[in-house]
Protein chains: 2
Amino acid sequence: MASRGSGEERGKMKGIRELAEHLDISIGTVSRALNGKPDVNEETRKRVLEAAESLGYVANQSGRALRKGATGVIGFMMQTGSEITGQGDTFFMSVFDGVQTVFARHKLDLVALLCSSEEDPNDYLKRVVARGFADGIILSATRRHDARFELLAKRKIPFITLGRSLTDVGQPWLDLDFEGMAEASIDRLVARGHRHVAITRPHDDMNLGYVFEDQCRATLARHGLRLDERHIFRSTPNEAGGYQIARELSALETRPTAVVLINEAITVGLYRGLVEAGIRPGHDMAIIGRQSPHSQFLSPRLTSFRLSLRDLGIALAESLLATMPAFAHFYPARSARLLWPMDLVPGESD
Amino acid sequence: MASRGSGEERGKMKGIRELAEHLDISIGTVSRALNGKPDVNEETRKRVLEAAESLGYVANQSGRALRKGATGVIGFMMQTGSEITGQGDTFFMSVFDGVQTVFARHKLDLVALLCSSEEDPNDYLKRVVARGFADGIILSATRRHDARFELLAKRKIPFITLGRSLTDVGQPWLDLDFEGMAEASIDRLVARGHRHVAITRPHDDMNLGYVFEDQCRATLARHGLRLDERHIFRSTPNEAGGYQIARELSALETRPTAVVLINEAITVGLYRGLVEAGIRPGHDMAIIGRQSPHSQFLSPRLTSFRLSLRDLGIALAESLLATMPAFAHFYPARSARLLWPMDLVPGESD
DNA sequence: CATAGTATCGTAAACGTTTACGGAAGCCAA
DNA sequence: TTGGCTTCCGTAAACGTTTACGATACTATG
């Protein structure tokens with residue numbers, strides 16, 4: 001037969017066994033060559049790599065994972081459905097991109113584990129870890145009490161959370177510095193003469209809502225002011241929620257003169273709702289929020305807190321790897337709990 | 001020993017072997033019981049299921065996939081990074097939710113395969129399929145010429161695309177009815193007296209740009225009008241792109257009186273840019289676009305095309321399963337190519 | 001009672017890979 | 001020549017499932 005290219009370049013590679021007999025080498029050597037093991041002749045390694053490339057051979061995931069006890073996959077759990085994701089449009093996509101630049105160095109793949117809105121997140125996660133789907137997990141949208149933490153800790157799965165929780169099992173976490181945001185916002189508004197400040201928070205038990213509210217209350221207290229209970233607005237973290245808040249806000253008899261938005265997606269709806277009620281954002285009502293792709297294109301431009309989502313993703317990935325024995329030596333001794341800073345970008349809305 | 005709860009309920013289940021000897025049954029029977037095979041006594045099945053539940057046993061993914069040659073996973077490929085995804089991620093989250101309601105019926109899991117912006121999509125996909133990661137693939141963001149189609153077809157991986165392409169390999173697809181959108185938009189604008197209509201399209205070679213432009217041109221021609229080449233605006237599919245379009249548009253000497261936006265993310269930026277140039281959306285410039293979570297909260301409210309993303313997800317999933325031998329009998333003989341209709345929701349912007 | 005059929009279960013061979021182990025050379029020094 | 005190293009490679013045993021096959025006990029039928 002001819003030296004190559006007889007008829008098998010169609011990508012019908014069966015497995016390492018076939019590749020081995022094509023090269024007339026044992027499968028053990030082929031495997032070692034592909035995996036960069038030391039005890040293989042450099043020339044045969046080259047032959048193997050070339051043959052694998054030209055025949056389109058890539059080691060089967062299941063076989064490899066079964067033998068090695070590791071899948072090379074890190075899962076980022078998130079919930080699907082339109083109303084649920086509190087973050088605005090491109091939030092996660094940017095974070096993912098940062099995470100992947102780190103993972104790529106270790107041949108790890110990031111996949112998003114999509115929990116349907118119809119399934120209980122705890123059950124979903126239990127299934128995922130029991131099946132041995134991923135070597136590590138990233139959790140987001142952490143709740144005040146979050147049973148997922150305990151589940152992963154019990155199973156000893158390496159994981160990190162993007163967000164804190166009262167359910168702390170000693171795992172590493174990364175969270176946005178909502179305390180810093182609350183403090184800077186309140187300080188700024190008070191310095192500009194505001195005495196009645198409203199805040200928003202998610203309608204459900206997302207942990208960040210508690211953190212944010214508590215810190216706002218504390219900072220106001222430091223200025224000798226108090227947070228009126230009627231000035232705490234809960235809403236779904238989307239445009240409609242913002243609109244709803246505006247309606248409630250405008251209906252109040254003692255109306256606040258400023259509002260701090262913890263969520264970015266509600267901004268557009270809030271603007272609209274205020275305008276409809278005859279309240280001009282930035283004139284009749286000061287607004288401070290979170291930066292998002294469209295916050296700078298609103299009128300007036302939103303005074304907002306900015307952060308680098310890509311860098312956050314990088315830090316998230318490195319902190320996770322630091323807890324995984326196989327990778328820990330690359331990322332030594334880092335602080336396992338990190339509050340991610342946000343910068344205030346002045347706009348015209350406050 | 002006691003009947004249950006001796007000390008092993010910590011979730012340290014090793015595998016089916018351990019579960020079997022706990023029950024004093026062979027592993028074959030345990031497996032059959034768990035998988036609903038017929039030849040197993042109903043009472044032992046109940047025992048097995050209860051023990052598995054209480055011990056938290058779930059079949060290991062790698063072992064099962066290796067033996068069965070199928071993973072029970074369907075991958076939805078998408079690219080990460082903020083500038084790339086034309087759709088906001090609320091778009092995909094809603095689609096996912098629809099897809100999952102179908103998959104859940106067959107114990108299939110949907111995961112998002114995240115291709116980093118630093119990696120070539122073709123290489124990424126090649127890796128994924130060669131590793132045998134998923135039993136089926138859903139492709140989105142299809143390009144005018146898309147090598148991914150050929151790759152999957154050659155490897156005989158069942159797949160469906162959300163979007164068309166000139167690279168047609170006979171696979172099933174689902175796409176938004178951009179022709180219908182173009183036609184309805186142009187007809188409406190012309191009926192209202194517009195003679196100079198501009199359009200937008202992505203800056204890269206996404207297929208939908210070609211479809212949309214061609215149909216707009218054809219429909220204008222039907223009205224005896226022509227599409228001015230200078231009235232075709234290419235931009236990144238995000239807010240900044242819309243702003244850029246507004247600036248170019250306002251700088252034109254012969255300015256169009258209407259513009260149709262194929263992408264939803266650019267709307268906010270476009271509004272802002274127009275206002276800054278002294279052009280009032282809805283008064284000095286008619287605008288028709290795509291519905292998004294915030295399109296109804298802009299002023300003026302955007303006249304836009306709406307679609308049910310969840311239903312689209314359901315159709316997408318069912319069409320994919322119809323091509324997979326193991327599930328085809330559930331979803332018989334459906335049209336493999338589907339143009340998804342969109343409804344015009346009148347606003348105040350045109 | 002003999003036989004066939006049925007219900008249930010155990011045994012063992014796959015699935016594709018990695019890796020511990022040992023063996024066969026080749027080399028160098030004694 | 002002998003012995004010990006080193007370099008390279010082949011062999012075979014895992015990893016955790018599923019499933020074809022065969023075995024056993026029991027039931028029904030003649």
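Letters A, B, ... are given to chains in the order of the sequence lines, protein chains preceding strands, and every chain is numbered from 1.
Using a 4.0 Å cut-off, some side-chain N or O of A/Thr44 falls inside it from OP1 or OP2 of D/dC9. Residue A/Ser26 places at least one side-chain N or O under 4.0 Å from the OP1 or OP2 atom of D/dG10.
Straight-line distance from the CG atom of B/Asp39 to the P atom of D/dG22: 15 Å, rounded to whole Å. If you take CZ of A/Arg45 and P of D/dC9, they are 10 Å apart, rounded to a whole angstrom.
Within the 3.5 Å criterion, the main-chain N or O of A/Gln171 finds a donor-acceptor partner in the side chain of A/Arg337. Listed for the A/Ser319 side chain is a donor-acceptor partner under 3.5 Å among the backbone atoms of A/Ala315. Under the 3.5 Å distance criterion, the side-chain polar atoms of A/Tyr124 are matched with a main-chain donor or acceptor of A/Leu114.
Running 5' to 3' along DNA chain C, contacts with non-hydrogen atoms of chain A at under 4.0 Å begin and end at C/dG16 to C/dA20.
In terms of position on DNA chain C, the residue among B/Leu66 and B/Asn41 whose nearest nucleotide sits closer to the 5' end is B/Asn41. For B/Thr29 and A/Val30, each mapped to the nucleotide of DNA chain D holding its nearest heavy atom, the one lying further toward the 5' end belongs to A/Val30. With DNA chain C read from its 5' end, the first of the two nearest nucleotides for B/Asp24 and A/Ser31 is the one closest to B/Asp24. For the pair A/Glu42 and B/Arg67, nearest-nucleotide mapping onto DNA chain D gives the more 5' position to A/Glu42.
One side chain, B/Asp97 or A/Ser117, offers a donor N or O that lies under 3.5 Å from an acceptor on the other.
One finds a salt bridge joining A/Asp109 and B/Arg127 here, because a Lys/Arg side-chain nitrogen approaches an Asp/Glu carboxylate oxygen to under 4.0 Å. A salt bridge links A/Arg105 with A/Glu318; the closest basic N to acidic carboxylate O contact falls under 4.0 Å. Here A/Glu42 pairs with A/Arg45 in a salt bridge; the nearest charged N to carboxylate O distance falls below 4.0 Å. Residues B/Arg310 and A/Glu118 are paired through a salt bridge, judged by an N-O separation under 4.0 Å between the basic side chain and the carboxylate.
If you check every strand for non-hydrogen atoms under 4.0 Å, A/Gly28 touches a base.
Summary of helix geometry: the two end axes of the helix from C/dC1-D/dG30 to C/dA30-D/dT1, each defined by five base pairs via their C1' atoms, are inclined to each other by 60° (rounded to 10°).
A/His106 and A/Tyr331 have their aromatic ring centers within a separation under 6.0 angstrom.
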